[in-house]
Amino acid sequence: MKGIHLFGLILAVIFAVGCSKNEENALPGAKPPDVHITAGTGQLNSKLGSYCWSSPGKGVCVDTAGPKQLLRGERALVVKPNETISILMDYEPKPNEVYLAEVMDESKETEIKIDKNNTFQAPGQKGSYEYAYSVWWMDQNRENTSLGDAYYAFKLEVK
């Protein structure tokens with residue numbers, strides 16, 4: 001039951017904390033950076049979901065559908081059972097908090113361990129899997145203040 005509410009709690013925190021409009025702490029760019037999923041020689045662009053972003057001169061929050069709806073009709077990255085999957089973000093500064101979950105439906109998820117290199121293992125069972133990757137750029141000087149946050153959705157097909 002704990003996992004069921006975790007994604008909802010994460011989204012609530014994103015919108016409750018909001019974005020800082022402090023110019024000196026603003027993040028580069030008008031929205032969160034792209035995130036790419038790789039395994040072996042394959043690569044997939046993730047889908048950007050809901051986010052709050054504080055860029056120079058403005059802050060914005062965008063609310064989107066949940067991961068399942070975002071991924072309708074999207075292709076999956078084909079991987080081998082237990083293959084190492086990398087989550088890549090070509091952006092500085094890197095988010096200082098991350099969370100990865102396999103999404104079973106809009107109200108049920110399972111947290112997935114992700115290591116310090118932003119990699120995790122694909123499931124050992126063949127099938128289709130959907131994920132939500134949540135990130136936060138927290139202000140190091142002001143407690144509970146987000147400079148930006150976002151979630152991304154992607155699919156894996158284990159063959």
ask   = Who passes side-chain contact (heavy atoms from CB on, under 4.5 Å) against Ser128, sequence neighbours left out?
value = Glu157
key: Contact summary for Trp137 and Pro95, nearest pair of heavy atoms   = NE1-N, 3.2 Å
message = Tell me whether Glu83 contacts the main-chain N or O of Gly40 through its side chain, where contact means a donor paired with an acceptor under 3.5 Å.
response = yes
query = Taking side chain as C-beta onward, heavy atoms only, is Val79 less than 4.5 Å from Tyr129?
reply = no
ask   = Quick one: do Leu27 and Val62 end up in the same hydrophobic cluster if we chain Ile, Leu, Val, Met, Phe, Trp and Tyr together by side-chain heavy atoms under 4.5 Å apart?
value = yes
Donor-acceptor contact below 3.5 Å, side chain Ser146 vs main chain Gly148 = yes
inquiry  = Would you say that Thr64 contacts Tyr151 through its side chain, given a criterion of any heavy-atom pair below 4.5 Å between the two side chains?
reply    = yes
ask   = For residues Tyr133 and Asn118, is any side-chain donor paired with an opposing acceptor at under 3.5 Å?
value = yes
message = Are Ile85 and Gln121 packed together at the side-chain level, in the sense that at least one heavy-atom pair is separated by less than 4.5 angstrom?
response = no
ask   = Would Leu71 end up clustered with Phe120 when hydrophobic side chains under 4.5 Å apart are linked, directly or stepwise?
value = no
task = Among residues two or more places apart or on two chains, list those pairs meeting ring pair (Phe, Tyr, Trp, His ring centres under 6.0 Å) that have a residue in residues 60-86.
result = none
query = Under a 4.5 Å side-chain heavy-atom rule over Ile, Leu, Val, Met, Phe, Trp and Tyr, are Phe154 and Met104 clustered together?
reply = no
message = Count I, L, V, M, F, W, Y as connected when their side-chain heavy atoms are under 4.5 Å apart, and connections chain through other members. Are Val158 and Val78 then in the same cluster?
response = no
query = Once you round to the nearest 0.5 Å, how far does OG of Ser107 lie from NZ of Lys68?
reply = 10.5 Å
ask   = Between Pro32 and Tyr51, what is the shortest heavy-atom contact and its length?
value = CD-CD1, 3.3 Å
key: Test salt bridge (charged side-chain N to carboxylate O under 4.0 Å, His left out) applied to Lys155 - qualifying residues, sequence neighbours left out   = none
task = Please say which of Ile87, Asp34, Leu48, Leu100 ends up in a side chain to side chain contact (heavy atoms under 4.5 Å, CB included) with Tyr152.
result = Leu48
ask   = What heavy-atom pair brings Leu70 and Gly49 nearest, and what distance separates the two atoms?
value = CD1-CA, 3.5 Å
ask   = Closest heavy-atom contact between Gly29 and Ser55?
value = O-CB, 2.9 Å
inquiry  = If I take atom CG from residue Asp149 and atom CH2 from residue Trp136, how far apart are they, to the nearest 0.5 angstrom?
reply    = 7.5 Å
key: Validation row: Leu77, Gln43 side chains within 4.5 angstrom (heavy atoms)   = no
query = Between atom CD of Gln69 and atom NZ of Lys47, what is the distance when rounded to the nearest 0.5 Å?
reply = 12.5 Å
key: Residues Glu109 and Tyr131: side-chain donor-acceptor under 3.5 angstrom   = no
key: Approximate separation, where rounding is to 0.5 Å, of His36 NE2 and Asp90 CG   = 7.5 Å
key: Closest heavy-atom pair and its distance - Ala26, Pro56   = CB-N, 3.5 Å
key: Rounded distance (nearest 0.5 Å) linking atom CD of Glu92 with atom NZ of Lys94   = 4.5 Å
query = Does some side-chain heavy atom of Pro67 sit less than 4.5 Å from a side-chain heavy atom of Glu130?
reply = no
query = Rounded to the nearest 0.5 Å, how far does CG of Leu147 lie from CH2 of Trp53?
reply = 9.0 Å
remark   = Ala101 and Tyr99 have their tightest heavy-atom pair at CB-CE2, 3.6 Å
key: Val98 vs Ile114, side-chain contact (heavy atoms from CB on, under 4.5 Å): CA-CA, chis, key distance, verdict   = CA-CA 9 Å; Val98 300; Ile114 186 165; 4.2 Å; yes
message = When you measure from the side chain of Asn117 to the backbone of Thr119, do you find a donor-acceptor pair of N or O atoms at a distance under 3.5 Å?
response = no
